[in-house]
Asks: 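This is the structure I want to talk about, given as structure tokens.
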Amino acid sequence: LLQRFPQEEDESIDFAKLFTSVLIACCHDPDTREKVFTPDDDAMLLSKNGAVAQSLFEACQKAAGFNAPQAVEAGKGGS
């Protein structure tokens, strides 16, 4: 997923865009399996209650098998 986000000259990543992209990709209606959000929902997602959005984001990470501490350590491989 990070490969979809080209780094800026200072090698930073737009984490707001990453955050909303994860929610858009992960959240589906359980009955219809249709996506709940579209790319047009970026601003709306960022305007919602932070605790609720963070809870959804963490559920998406867990469902995808993403482990933040392991990812940080993996990213240190060349340093």
Side-chain angles (χ1 to χ4, degrees):
L1 189 58
L2 286 176
Q3 292 174 353
R4 293 184 188 176
F5 300 93
Q7 295 180 337
E8 302 296 329
E9 288 181 25
D10 65 357
E11 297 187 8
S12 65
I13 295 174
D14 183 348
F15 283 101
K17 181 68 174 167
L18 175 62
F19 180 83
T20 58
S21 293
V22 168
L23 294 179
I24 290 166
C26 183
C27 295
H28 291 77
D29 182 294
D31 296 325
T32 65
R33 298 185 184 255
E34 291 181 26
K35 287 186 176 185
V36 175
F37 306 114
T38 70
D40 293 334
D41 293 325
D42 278 348
M44 180 273 300
L45 288 168
L46 291 173
S47 72
K48 295 301 177 187
N49 179 297
V52 173
Q54 183 66 32
S55 178
L56 274 174
F57 182 77
E58 290 172 3
C60 290
Q61 287 180 307
K62 185 175 180 179
F66 179 75
N67 181 313
Q70 286 178 349
V72 169
E73 287 303 313
K76 293 179 181 178
S79 57

Asks: Minimum heavy-atom separation for His28 and Arg33, please, with both atom names.
Replies: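 For His28 versus Arg33, the nearest heavy atoms are CD2-O, 3.2 Å.
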
Asks: Roughly how far, to the nearest 0.5 Å, is the OG1 atom of Thr38 from the CE atom of Met44?
Replies: 7.5 Å

Asks: Do the side chains of Val52 and Phe57 join up, straight or via other hydrophobic residues, at under 4.5 Å, putting them in one cluster?
Replies: no

Asks: Taking side chain as C-beta onward, heavy atoms only, is Val36 less than 4.5 Å from Asp41?
Replies: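 No, every pair of side-chain atoms sits at 4.5 Å or beyond.
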
Asks: Please report the interatomic distance CZ(Phe19) to CD1(Ile24), rounded to the nearest 0.5 Å.
Replies: 10.5 Å

Asks: For Cys60, what residues pass the side chain to side chain contact (heavy atoms under 4.5 Å, CB included) criterion, not counting sequence neighbours?
Replies: Val22, Leu23, Cys26, Cys27

